[in-house]
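The next block holds one structure in the form of structure tokens; read it before the comments.
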Amino acid sequence: MSPVVWVPCDAAAVSVGADAVAEALVAAGATVRRNGSRGMLWLEPLVEVETDDGRVGYANVEPSDVEALLTGGLDGTDRCIGVVDEHPWLARQHRVSFTRVGVIEPTDIAAYRAHGGLAGLERALSLTGEQVVAEVTESGLRGRGGAGFPAGIKWDTVRKASADVKFVCCNADEGDSGTFADRMLIEGDPFTLIEGMTIAAVAVGATEGFVYLRSEYPHAIRTLRRAIDIAYAHGVLGGSVLGSGHRFDLDVRVGAGAYICGEETSMLDSLEGKRGEVRAKPPIPALQGLFGRPTVVNNVLTLSAVPMVLADGGAAYAALGTGRSRGTQVFQLGGNVAHGGIVEADFGISLRELVEDYGGGTASGRPVKAVQVGGPLGAYLPPSKFDLPMDYEAFAAADAMVGHGGIVVFDESMDAGAMARFAMEFCAKESCGKCTPCRVGSTRGVEVIDRIRAGTQREANLVLLDDLCTTMTKGSLCAMGGLTPMPVRSALEHFPEDFGVEPALADAVTDDMPESATSTPGGARP
């Protein structure tokens with residue numbers, strides 16, 4: 001009997017040769033099954049062989065290793081990591097949204113059911129929409145895209161709104177640096193997202209749904225579309241969801257690659273065929289969203305938590321986490337990190353445990369200088385801040401944000417001044433241009449940081465930079481311009497020497513800020 005071997009079809013594994021390994025295994029007579037990545041990205045391609053004890057993993061497999069792998073030649077070497085489910089890096093995680101990722105074939109709906117899938121949807125169909133929303137509210141589930149807005153409140157607003165049609169839209173644009181959980185979940189377990197969106201539709205009375213998926217994710221696009229076709233064929237989607245009489249149709253729309261479309265109203269404009277541009281609020285999308293109709297807008301990680309909430313009950317989900325941050329978060333370790341990948345854990349885990357324990361420090365072996373949490377607009381945090389618990393309120397109190405859960409690690413070679421400049425430059429390039437503080441402020445920000453780093457009227461320009469950051473924070477139409485000052489201010493606070501600034505001067509400027517830097521003596525303006 002030929003051995004059954006699992007080879008990831010995730011884009012990260014494919015990028016380092018997983019397809020070639022799979023072909024070599026087939027040629028050698030093995031039965032190959034394709035799964036999503038387990039999230040231990042430094043071990044990819046991670047090949048798993050079914051045994052009586054479980055699936056045994058072999059790291060960094062190449063086509064030339066196939067004969068040795070099948071004949072036991074890799075057993076007892078450091079290439080063999082043992083039973084994958086028992087690997088310490090994986091076993092001590094608390095996987096909820098990612099519970100099936102890497103375990104089953106992505107589009108095997110029978111395996112999805114066998115591993116607990118559709119239990120949440122089946123329960124939701126036995127409840128009223130109001131009861132479903134009540135479960136989500138009780139769970140404490142908050143949006144995983146950055147703002148952390150309670151999902152139950154948003155859903156209830158849509159549920160109570162009157163309209164001829166309502167929508168559920170999933171923002172899978174995932175443009176933040178260091179984030180890849182959306183892609184990995186869609187490529188490894190797309191039915192979880194489909195189930196979560198369908199539950200949302202049942203709860204609020206929506207009949208149509210769209211997944212807005214970035215064009216840079218061709219594997220995810222292909223996998224999700226295949227899964228949607230299968231869901232229709234098995235009655236999970238369509239005119240009568242699981243025979244309930246509820247109609248829900250779902251489709252994928254591919255974005256052209258604008259970072260601003262990670263913002264919900266820009267995404268809605270893009271879905272409508274317009275240029276992605278931020279809308280002024282009110283009205284909010286929950287009342288006037290896609291095509292002016294009530295719309296639930298959540299991201300992949302939010303919607304993928306919903307099946308567990310309904311299957312096990314809102315109280316069970318609320319029992320996880322800490323404070324007002326309930327449940328789990330899918331953290332993504334990237335950058336200069338030894339063990340990059342996916343860590344799903346309860347909110348409240350410390351940043352230190354993620355970076356030093358799970359991450360193993362830097363890949364370069366040099367000391368960690370900083371991490372950026374929450375994407376390109378997140379704060380840079382030094383090791384002295386690593387004991388922060390990962391929850392929304394604790395990070396907000398530290399002038400930082402959890403965001404989408406991306407954590408990018410930098411070693412001591414990082415230039416924080418250059419990274420602060422990049423934040424302003426990034427905003428200038430990616431701004432939709434609708435509001436002046438973001439469009440113009442980011443351009444001026446690059447210029448001011450350049451003058452500070454060059455030593456030109458440094459004190460006056462530090463005052464001007466702070467004034468500019470305040471204007472962008474308070475005056476921008478959306479979080480694009482509003483959050484750009486966060487990495488700038490954190491870099492200046494924690495690493496002033498990278499700007500050529502003495503710490504005492506940076507503190508003095510921050511502590512003794514005039515009401516307006518526009519009248520600062522010294523001609524700081526260009």
Side-chain angles (χ1 to χ4, degrees), residues 10 12 35-41 85 90-104 106 111-113 115-121 123-124 135-136 139-146 148 150-152 168 170-172 174 176 179-200 211 213 217 220 223-224 227 296 298-314 316-321 325-333 341-349 354 358 390-392 402-407:
D10 177 271
N35 56 322
S37 171
R38 295 278 193 157
M40 297 184 281
L41 298 184
D85 287 331
L90 193 62
R92 55 201 171 92
Q93 295 186 32
H94 186 185
R95 293 206 164 184
V96 175
S97 297
F98 267 64
T99 187
R100 286 173 290 268
V101 175
V103 177
I104 65 173
Y112 181 74
R113 277 185 177 273
H115 285 80
L118 299 181
L121 177 57
R123 179 164 180 257
E135 289 282 2
V136 174
S139 74
L141 178 64
R142 296 166 68 175
R144 299 293 191 251
V168 175
C170 173
N171 195 329
E174 195 172 48
D176 283 348
T179 59
F180 43 86
D182 291 359
R183 175 192 62 74
M184 288 187 64
L185 191 136
I186 290 172
E187 291 179 7
D189 184 20
F191 292 121
T192 289
L193 175 59
I194 293 169
E195 182 178 359
M197 293 186 71
T198 308
I199 291 170
V211 179
L213 189 50
Y217 285 172
T223 301
L224 184 56
V296 170
N298 287 126
N299 75 350
V300 174
L301 295 185
T302 310
L303 290 162
S304 296
V306 169
M308 183 271 187
V309 170
L310 268 296
D312 296 346
Y317 193 82
L320 310 176
S325 300
R326 312 313 309 171
T328 63
Q329 172 64 301
V330 182
F331 300 104
Q332 300 126 87
L333 300 177
I342 288 290
V343 177
E344 185 171 3
D346 291 11
F347 277 106
I349 187 175
L354 288 168
Y358 281 100
M390 299 296 293
D391 79 74
Y392 295 109
V402 174
H404 194 55
I407 300 172

Practice task
Decide yes or no for C170 and L193: does some side-chain heavy atom of the first lie under 4.5 Å from some side-chain heavy atom of the second?
Solution key: yes

Exercise for the section: Just jot down the salt bridge (Lys or Arg N to Asp or Glu O under 4.0 Å) partners of E195, sequence neighbours excluded, or say none. Expected result: none

Handout entry: Residues forming a side-chain contact (heavy atoms from CB on, under 4.5 Å) with D182, sequence neighbours excluded
Key = E174, V300, L301, H404

Handout entry: 4.5 Å side-chain heavy-atom contact, T192 and V306
Key = no

Problem - Side-chain heavy atoms of L333 within contact of V343, under 4.5 Å - result: yes

Exercise for the section: Identify, with sequence neighbours excluded, every residue that meets side-chain contact (heavy atoms from CB on, under 4.5 Å) alongside T223. Expected result: P106, T107, P190

Problem - 4.5 Å side-chain heavy-atom contact, D85 and R38 - result: yes

Exercise for the section: Could you tell me whether the side chain of E135 reaches within less than 4.5 Å of the side chain of R123, counting heavy atoms only? Expected result: yes

Handout entry: Exercise: identify the closest heavy-atom pair between Y217 and T179
Key = OH-O, 4.0 Å

Completion exercise
Closest heavy-atom pair, F180 versus I342, reported as atoms and distance to 0.1 Å, is CE1-CD1, 3.8 Å

Problem - Residue pair L310, V136: steps toward the side chain to side chain contact (heavy atoms under 4.5 Å, CB included) verdict - result: CA-CA 8 Å; L310 268 296; V136 174; 4.1 Å; yes

Handout entry: Which atom of A181 lies closest to which atom of V330, heavy atoms considered
Key = CB-CG1, 3.8 Å

Problem - Set of residues satisfying side-chain contact (heavy atoms from CB on, under 4.5 Å) with respect to D346, sequence neighbours excluded - result: H94, L320, T328

Handout entry: Any donor-acceptor N/O pair, Q93 side chain to E344 backbone, under 3.5 Å
Key = yes

Practice task
Quick one: do H115 and T99 satisfy side chain to side chain contact (heavy atoms under 4.5 Å, CB included)? Show the steps, please.
Solution key: CA-CA 9 Å; H115 285 80; T99 187; over 6 Å; no

Exercise for the section: Rounded to the nearest 0.5 Å, what's the gap from OH on Y358 to CG on L90? Could you check? Expected result: 9.0 Å

Exercise for the section: Indicate yes or no: at least one non-hydrogen side-chain atom of L224 is less than 4.5 angstrom from one of L213. Expected result: yes

Practice task
Hey, could you give me the CG/CE distance between D312 and M308, rounded to the nearest 0.5 Å?
Solution key: 4.5 Å

Exercise for the section: Report yes or no: does R100 contribute a side-chain atom to a donor-acceptor pair with the main-chain N or O of Y112 at less than 3.5 Å? Expected result: no

Completion exercise
Only residue of V296, N171, L141 satisfying side chain to side chain contact (heavy atoms under 4.5 Å, CB included) with T302 is L141

Practice task
Nearest 0.5 Å please: distance from the CG atom of N35 over to the CD atom of E187.
Solution key: 12.0 Å

Exercise for the section: Enter the distance from L121:CG to I194:CD1 here, rounded to the nearest 0.5 Å. Expected result: 11.0 Å

Practice task
Can you see which heavy atom on S304 is nearest to which on S97, and at what distance?
Solution key: O-OG, 3.5 Å

Problem - Polar side-chain atom of R142 near backbone of G140 as donor-acceptor pair, under 3.5 Å - result: no

Practice task
Please report the C-alpha distance between S139 and R326 in whole Å, then the side-chain angles of each, then the deciding distance to 0.1 Å, and finally whether the side chain to side chain donor-acceptor pair (under 3.5 Å) criterion is met.
Solution key: CA-CA 7 Å; S139 74; R326 312 313 309 171; over 6 Å; no

Problem - Listed partners of A12 passing side-chain contact (heavy atoms from CB on, under 4.5 Å), at least two apart - result: D10, L41, R183

Practice task
Return the minimal non-hydrogen interatomic distance between S325 and D391, and the atom names on each side.
Solution key: OG-CB, 3.2 Å

Exercise for the section: With side chain to side chain contact (heavy atoms under 4.5 Å, CB included) as the test, would you mind laying out the steps for L354 and M390 before giving the verdict? Expected result: CA-CA 10 Å; L354 288 168; M390 299 296 293; 3.7 Å; yes

Problem - CD1-CZ distance between I407 and F331, expressed to the nearest 0.5 angstrom - result: 6.0 Å

Completion exercise
For Y392, the ring pair (Phe, Tyr, Trp, His ring centres under 6.0 Å) test, sequence neighbours excluded, returns F347

Problem - Non-hydrogen side-chain atoms of V211 and M197 separated by less than 4.5 Å - result: yes

